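Letters go in sequence order (proteins before strands), and every chain restarts at 1. Since the model is a prediction, treat every value here as computed from it, not as a measurement.
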Protein chains: 2
Amino acid sequence: MTRRASEPVNGRRRSTIREVAERAGVSVATVSRILSGDYPASPATRKRVMRAVEELDYVANAHARALAGTSAKSIAIVLNSVISPHYAHVAQGVEAQTAVEGRLCLIGTTGGDAERELAMVKFMREQHAEAVILVGNVVADEKYGKRMSQYAHALTAIGSRLVLCGRPPLGPDVPAVVVEYDNAGGAFAATSHLLSAGHERILCLGRRPGHTTQDGRVAGYRKALAAHRVPHDPALEVEGTTMEWHEGYRMMKERLATGPRDFTAVFALNDLIAGGAYRALAEHGLRVPDDVSMVGFDDLQPSLDLNLTSVHLPHEEIGRTAVRLALEHEARGGTPPHVILGTHLVIRDSVRPRVS
Amino acid sequence: MTRRASEPVNGRRRSTIREVAERAGVSVATVSRILSGDYPASPATRKRVMRAVEELDYVANAHARALAGTSAKSIAIVLNSVISPHYAHVAQGVEAQTAVEGRLCLIGTTGGDAERELAMVKFMREQHAEAVILVGNVVADEKYGKRMSQYAHALTAIGSRLVLCGRPPLGPDVPAVVVEYDNAGGAFAATSHLLSAGHERILCLGRRPGHTTQDGRVAGYRKALAAHRVPHDPALEVEGTTMEWHEGYRMMKERLATGPRDFTAVFALNDLIAGGAYRALAEHGLRVPDDVSMVGFDDLQPSLDLNLTSVHLPHEEIGRTAVRLALEHEARGGTPPHVILGTHLVIRDSVRPRVS
DNA sequence: ATTGTTTCAGAAAACGGTTACTGAATCATT
DNA sequence: AATGATTCAGTAACCGTTTTCTGAAACAAT
């Protein structure tokens with residue numbers, strides 16, 4: 001005996017609008033209209049329909065609804081991982097704004113794998129997402145540019161859009177909305193803060209050439225040095241593979257193991273790195289801020305824990321903005337917007353004037 | 001002039017299977033079968049179809065697909081907020097396992113609002129989610145139980161299921177899968193660790209009667225005291241409103257302001273609270289672990305930052321398990337499973353033997 | 001050469017809604 | 001009383017797939 005695949009193993013079948021109509025003694029169309037909102041039905045009919053809906057515990061089939069016509073659409077967000085606090089905050093912003101706009105939020109993670117990213121974008125396209133928001137740091141090489149351009153065109157072709165969140169713009173002919181942080185500006189402020197306190201040998205932790213986020217922050221670091229006429233020593237820029245706690249720990253550990261302590265301050269490219277470096281310093285008997293000054297970037301949990309002066313990024317704001325712009329752009333059309341969100345330094349207690 | 005609502009403002013229309021069929025010179029059915037996988041089409045036909053798909057950049061309409069027949073279904077996760085690191089890790093686990101099982105992951109947040117939770121469950125029901133995973137701490141009062149029971153039955157009726165993640169079970173007649181942590185066990189271990197180090201006056205930070213998570217942890221704390229025959233002083237249990245950093249800070253701050261320091265160790269009901277308390281202690285010149293010993297709960301970022309001994313929770317594991325059990329249960333039927341995941345203490349450097 | 005199997009592909013009926021069009025009452029207007 | 005306007009509700013076409021049923025070639029076996 002064969003059973004239709006759609007039938008549940010146990011329990012009743014999902015009730016349809018037809019059954020509601022039958023029970024209420026009206027036509028399917030009437031039920032649909034009454035449930036869709038403002039339809040001038042007679043109170044008696046409306047009541048009968050509502051009762052039938054209650055009794056059958058009816059909920060509309062979103063797929064059928066989407067297929068038939070106007071449907072509450074959805075916004076998709078695709079990110080590397082949701083456990084990174086930074087991404088989590090962005091995701092929160094996206095989710096919140098999505099709810100405000102009356103949409104559903106689909107989420108997918110890629111683990112940084114381009115293959116999975118492609119699959120995700122296709123998946124979201126199948127789901128008719130109104131917009132696909134790609135968030136996060138990335139290697140902006142040629143292949144990347146081509147891939148994004150392809151996404152952008154494919155999505156635009158079907159009336160959806162691509163939103164790049166925390167990624168650099170692609171080019172004038174690629175129809176993608178872009179929302180990013182002023183990484184360089186934040187790094188400039190952070191570094192300037194240390195320079196103003198008299199520090200000149202500032203260790204920069206976590207650079208990773210080719211990665212847009214890190215590149216922007218390092219650029220700000222260098223610009224601040226230049227602005228203060230402090231010589232730039234490339235040896236003070238330490239390279240890291242990821243922006244995680246353990247990398248911060250490793251970088252500082254190695255630095256302290258292999259050479260003299262030739263720096264008086266640390267600029268960590270994010271708070272996680274700062275946290276790891278902090279621990280490594282502590283293990284060498286060096287305290288922040290008494291022995292070493294430190295500034296982080298992100299203003300997330302580690303800043304709170306360590307009382308770290310850090311560059312505040314409007315994480316949730318960027319997520320909300322991404323959704324807002326995507327929807328506005330959808331309505332208005334025209335050239336896709338590109339906004340850069342500002343940052344500001346949050347002063348805590350991890351920087352001391354340099355004793356000379 | 002009227003325009004169909006489904007047409008995009010700019011750009012072409014999404015191409016349909018019909019167009020692909022036409023371009024390939026075959027029937028719609030053939031295209032569908034070729035794209036669905038293993039259909040014994042002649043190589044020539046297959047190639048023609050694939051080329052048409054490429055040229056039109058065709059992707060199937062997931063809604064139509066879902067409506068028509070077997071479709072890749074989805075798993076929904078509903079949580080308070082995604083910025084809480086704990087929830088984020090659980091969400092990550094859910095997302096990962098969902099991907100492994102070839103499903104889509106829908107995510108929604110409620111902000112702890114029962115109203116929004118209800119709306120979310122309805123929404124997910126409309127979307128035909130295979131399972132709805134509710135995660136997080138909760139007040140387990142009567143109203144709550146009734147609400148959950150209603151969800152469980154509504155979902156079961158349509159062949160879906162309710163999964164409670166980190167929440168207590170409801171009762172034998174409520175068809176819900178339950179996955180939770182051994183909160184009491186973890187708290188017992190944490191408190192025992194402090195007791196073994198000679199601490200007897202252990203401040204317990206963050207209790208909140210009625211909230212299941214906190215209740216479980218406090219129960220473990222008390223049980224450990226009893227097991228070590230240390231008198232239980234209710235005055236050492238400090239009540240908090242949330243489990244966040246600022247609450248931890250506030251609680252410790254008030255404690256230090258209003259009375260003598262009559263404790264030598266702190267058991268924080270989670271790491272965030274530990275972090276806040278840590279800062280408050282520091283502001284009073286008290287260091288961890290030299291002056292005060294401390295143990296946290298969750299083993300998340302603050303533990304890393306502060307080198308805190310903490311109870312490790314298998315955050316991602318619980319998410320993955322939730323998905324796995326939901327799907328298994330769907331296939332097998334029977335009484336819904338209930339599993340309790342174990343915890344273990346991660347020793348770092350925040351506890352010192354008490355000097356007497 | 002005829003028949004019985006395969007192999008491949010088309011026609012058409014679902015799936016569960018929405019909505020344009022239509023029509024029957026009811027009501028207001030002359 | 002006849003007509004026009006307005007309300008409310010039904011009919012049926014359509015959304016884009018999947019899938020069952022069916023049929024025409026092509027091939028193998030007698």
Side-chain angles (χ1 to χ4, degrees), chain A residues 2-8 13-49 52-53 56 58-73 125-128 158-159, chain B residues 1-8 13-50 52-53 56 58-73 125-128 158-159:
Chain A
T2 59
R3 206 172 29 72
R4 292 294 306 244
S6 59
E7 277 176 30
R13 228 181 58 274
R14 170 189 298 268
S15 50
T16 70
I17 197 174
R18 221 173 308 276
E19 290 164 357
V20 173
E22 210 164 302
R23 179 175 266 257
V26 297
S27 77
V28 174
T30 302
V31 175
S32 172
R33 281 182 292 228
I34 286 179
L35 291 180
S36 300
D38 49 349
Y39 175 67
S42 74
T45 314
R46 159 162 280 124
K47 188 174 248 164
R48 280 217 312 286
V49 169
V53 167
L56 293 173
Y58 168 79
V59 289
N61 180 331
H63 297 305
R65 194 171 253 176
L67 189 56
T70 339
S71 69
K73 294 249 220 117
R125 210 141 73 91
E126 292 178 354
Q127 300 291 325
H128 288 219
I158 61 173
Chain B
M1 163 198 153
T2 57
R3 208 170 30 73
R4 291 296 305 246
S6 59
E7 279 176 30
R13 228 180 59 272
R14 168 188 301 268
S15 51
T16 69
I17 198 174
R18 217 177 310 277
E19 289 163 359
V20 173
E22 211 165 300
R23 178 175 266 256
V26 297
S27 76
V28 177
T30 302
V31 176
S32 172
R33 281 182 290 228
I34 285 181
L35 291 180
S36 299
D38 49 349
Y39 174 67
S42 73
T45 315
R46 160 163 277 123
K47 189 174 247 165
R48 279 216 314 286
V49 169
M50 290 319 242
V53 167
L56 294 173
Y58 168 79
V59 289
N61 181 330
H63 296 304
R65 196 170 251 177
L67 189 55
T70 338
S71 69
K73 295 250 220 120
R125 210 141 72 91
E126 292 179 353
Q127 301 292 326
H128 287 220
I158 60 174

Backbone N/O of A/A24 and side chain of A/R48: donor-acceptor pair under 3.5 Å: yes
Donor-acceptor pair, side chain of A/T30 and main chain of A/V26, under 3.5 angstrom: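 Here the side-chain-to-backbone pair does not exist.
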[X] side chain, from C-beta outward: closest of [options]:
X: B/T45; options: C/dC8, D/dG16, C/dT18; answer: C/dC8
X: A/S36; options: D/dG16, C/dG17, C/dT18; answer: C/dT18
X: B/V26; options: C/dG17, C/dG10, D/dG10; answer: C/dG10
X: A/L67; options: D/dT17, C/dG16, C/dT18; answer: C/dG16
X: A/T16; options: C/dT18, C/dG16, C/dG10; answer: C/dG16
X: B/A29; options: C/dT18, D/dT11, C/dA11; answer: C/dA11

Base-contact (B) and sugar-phosphate-only (S) positions in nucleotides 22-28 of chain C, heavy-atom cut-off under 4.0 Å, - elsewhere: -------
Side chain A/R46 and base D/dT7 donor-acceptor under 3.5 Å: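 There is none.
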N/O donor-acceptor pair, side chain A/R33 with base C/dG17, under 3.5 angstrom: no
Please report the distance, rounded to the nearest Å, between [atom1] in [X] and [atom2] in [N].
X: A/I34; N: D/dG10; atom1: CD1; atom2: C1'; value: 13 Å
X: A/N61; N: D/dC15; atom1: CG; atom2: P; value: 18 Å
X: A/R18; N: D/dA12; atom1: CZ; atom2: P; value: 13 Å
X: A/R65; N: C/dC15; atom1: CZ; atom2: P; value: 19 Å
X: B/L56; N: D/dT17; atom1: CG; atom2: C1'; value: 16 Å
X: A/H63; N: C/dT18; atom1: NE2; atom2: C1'; value: 17 Å
X: B/Q127; N: C/dG16; atom1: CD; atom2: C1'; value: 14 Å
X: A/L35; N: C/dT18; atom1: CG; atom2: C1'; value: 12 Å

Closest-nucleotide ordering on DNA chain C, the 5'-leading residue of A/A64 and B/R48: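 It is B/R48 whose nearest nucleotide is closer to the 5' end.
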Whichever of B/P43 and A/I17 has its nearest DNA chain C nucleotide further upstream toward 5':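 That would be B/P43.
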Parallel, tilted or perpendicular: rings of B/H128 and A/H63 (30°, 60°): perpendicular
Phosphate OP1/OP2 of C/dG17 contacted by A/S32 side-chain N/O (<4.0 Å):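 So the side-chain polar atoms of A/S32 never come under 4.0 Å of the phosphate oxygens OP1 or OP2 of C/dG17.
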Touch class at under 4.0 angstrom, heavy-atom based, for A/T30 against every strand present: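 Sugar-phosphate, backbone atoms only, no base.
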Residues, nucleotides or ligands: over 12 heavy atoms within 6.0 Å of A/E126 CD: yes
Shortest non-hydrogen contact from A/L67 toward B/A64: CD1-CB, 3.7 Å
Audit row: B/R18, B/V31, side chain to side chain contact (heavy atoms under 4.5 Å, CB included) steps and yes/no: CA-CA 9 Å; B/R18 217 177 310 277; B/V31 176; over 6 Å; no
Any side-chain heavy-atom pair of A/E22 and A/V28 under 4.5 Å: no
Pairwise side-chain contact, A/R14 with A/V59, heavy-atom cut-off 4.5 Å (strictly under):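 SC-SC contact between A/R14 and A/V59 confirmed.
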